[in-house]
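Fair warning: this is a prediction, and the values are worked out from it, not measured in the lab.
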Amino acid sequence: MTTWRGSSSVLSSADGHSQGHSSINTSLLESSSSSSSRSIDEQLSSSQSSSSLCINNTSLPPGVQVRRVQARDLKVVSNIVTDAFFGRFNPLEWLKTFLSLEDSLSDAQKSEFQLYDMLVACHVESGEIVGYCEIDCRPSSNPNDAPRPYMCNLAVKNKWRNRGLGSALIAICEEKVVQEWIQGALFLRVRETNTVALQLYKNLGYNVELDNTTKRNEGVLLLKKVLVTASVEPR
């Protein structure tokens, strides 16, 4: 069971990385690269403000809490996402990820409907950000976008993997889909070559969905999990 506490601040994001930035801010890259050699306390975001959503879920590892992302989290989140998807620090991909997250957060603060969330998992005592995911239920007219509700950019910090954190973040997203958005299924995309993630999703009940979005993204599979088979009444 998940307990959601806090404000109803709204966040919004697009399906992929932002491609509209033609210039590279080298200070961002230098800051991110140097952060890997600094102490954890210097890399971590400070404790969450009272306006942040806090989530307690029984499936989370002990001492871990989930909240909404804040602007000061974005550099650390970019580190975690690029490490998870590229296996090592990749300056260009890090920058694309950071700028995409920054744009998404900016757009989200202007949104009138809470149909998107960017979530970070944090160690309660230290404040260390150890995981991240996004969940999106906004309608889209782009035929290349995945169906909604859609989960993406699930990433767990290396030393926190194999502790059930990824599964717990998925469970939180699934519960939000059913309880808040009153939807009966959740979609996600995964590369065919990412066998570890693919097996995790299959173990959690996700199945490959064959449709036109899969054909347009060669090597990327669209997965779907049916969460409810009948109408869901809000609590």
Side-chain angles (χ1 to χ4, degrees), residues 1-16 48-61 64-70 73-74 77 80-81 84 101 104-105 107-122 124 129-140 145-156 160 163-190 197 200-207 209 222-235:
M1 178 62 66
T2 302
T3 302
W4 299 76
R5 298 185 288 108
S7 73
S8 58
S9 59
V10 185
L11 301 173
S12 177
S13 177
D15 257 294
Q48 65 259 32
S49 68
S50 59
S51 64
S52 299
L53 173 78
C54 296
I55 305 166
N56 295 307
N57 184 285
T58 55
S59 63
L60 284 167
V64 175
Q65 190 176 65
V66 172
R67 61 173 172 81
R68 286 197 175 107
V69 75
Q70 298 171 21
D73 301 326
L74 296 185
V77 169
I80 294 173
V81 171
L101 294 174
S104 299
L105 185 57
D107 291 343
Q109 293 168 343
K110 306 170 187 176
S111 178
E112 298 179 359
F113 303 100
Q114 188 181 322
L115 293 175
Y116 181 85
D117 255 325
M118 302 162 72
L119 304 175
V120 288
C122 303
V124 175
I129 296 175
V130 297
Y132 175 74
C133 68
E134 304 173 28
I135 179 80
D136 191 353
C137 196
R138 297 166 303 156
S140 175
D145 285 352
R148 271 41 175 177
Y150 174 62
M151 183 182 68
C152 65
N153 282 343
L154 175 67
V156 175
W160 279 83
R163 299 195 196 184
L165 179 55
S167 297
L169 286 170
I170 294 170
I172 287 170
C173 290
E174 292 175 350
E175 193 163 347
K176 182 178 181 67
V177 165
V178 173
Q179 293 188 1
E180 293 193 17
W181 295 338
I182 321 299
Q183 299 291 320
L186 179 60
F187 296 87
L188 59 90
R189 282 174 172 160
V190 62
L200 169 65
Y201 294 133
K202 287 184 175 181
N203 289 344
L204 294 175
Y206 287 83
N207 297 297
E209 186 83 353
L222 176 69
L223 272 60
K224 174 184 178 181
K225 181 178 179 179
V226 176
L227 303 174
V228 293
T229 55
S231 60
V232 179
E233 295 295 332
R235 293 188 174 186

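- Taking the side chain as every heavy atom from C-beta outward, Glu180 and Ile135 never approach each other to under 4.5 Å.
- Evaluation of the ring-ring contact (aromatic ring centres under 6.0 Å, His included) rule for Trp181 yields no partner, not counting sequence neighbours.
- Within the 4.5 Å cutoff, the side chain of Ile170 has heavy atoms near those of the Tyr206 side chain.
- Between Cys173 and Cys133, the shortest heavy-atom contact is SG-SG, 3.6 Å.
- Here the shortest heavy-atom pairing between Glu134 and Asn153 reads OE2-ND2, 2.8 Å.
- Atom OG of Ser104 is separated from atom CE of Met118 by 5.0 Å, given to the nearest 0.5 angstrom.
- Take Tyr201 and apply the side chain to side chain donor-acceptor pair (under 3.5 Å) test, not counting sequence neighbours, and it matches no residue.
- With contacts defined as side-chain heavy-atom distances shorter than 4.5 Å, the pair Met151/Ile172 does not qualify.
- Counting only heavy atoms from C-beta outward, the side chains of Cys152 and Asp136 never approach each other to under 4.5 Å.
- Taking the side chain to side chain donor-acceptor pair (under 3.5 Å) definition, one finds that Lys224 meets it with nothing, sequence neighbours left out.
- For the atom pair CG of Leu119 and CG of Leu154, the computed distance is 10.5 Å after rounding to the nearest 0.5 Å.
- In this structure, Gln114 CD and Cys137 SG are separated by 11.0 Å, a value rounded to the nearest 0.5 Å.
- The nearest pair of heavy atoms linking Ala171 to Ser59 is CB-OG, 4.2 Å.
- Contact detail for Leu169 and Ala121: the closest heavy-atom pair is CD2-CB, 4.3 Å.
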Would you check, one step at a time, whether the test side-chain contact (heavy atoms from CB on, under 4.5 Å) holds for Ile80 with Trp160? CA-CA 11 Å; Ile80 294 173; Trp160 279 83; over 6 Å; no
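- By the 4.5 Å heavy-atom criterion applied to side chains, Leu60 and Leu165 are counted as neighbours.
- No side-chain heavy atom of Asp145 sits less than 4.5 Å from a side-chain heavy atom of Tyr150.
- Nearest heavy atom pair, residue Ala155 against residue Val81, reads CB-CA, 4.0 Å.
- Proximity of Pro147 to Leu222: side-chain heavy atoms (C-beta onward) are separated by under 4.5 Å at one or more points.
- Under the side-chain contact (heavy atoms from CB on, under 4.5 Å) criterion, Leu227 pairs with Glu174, Val177, Val178, Leu186, Lys225, not counting sequence neighbours.
- Shortest non-hydrogen contact noted between Cys122 and Arg67 is SG-NE, 3.6 Å.
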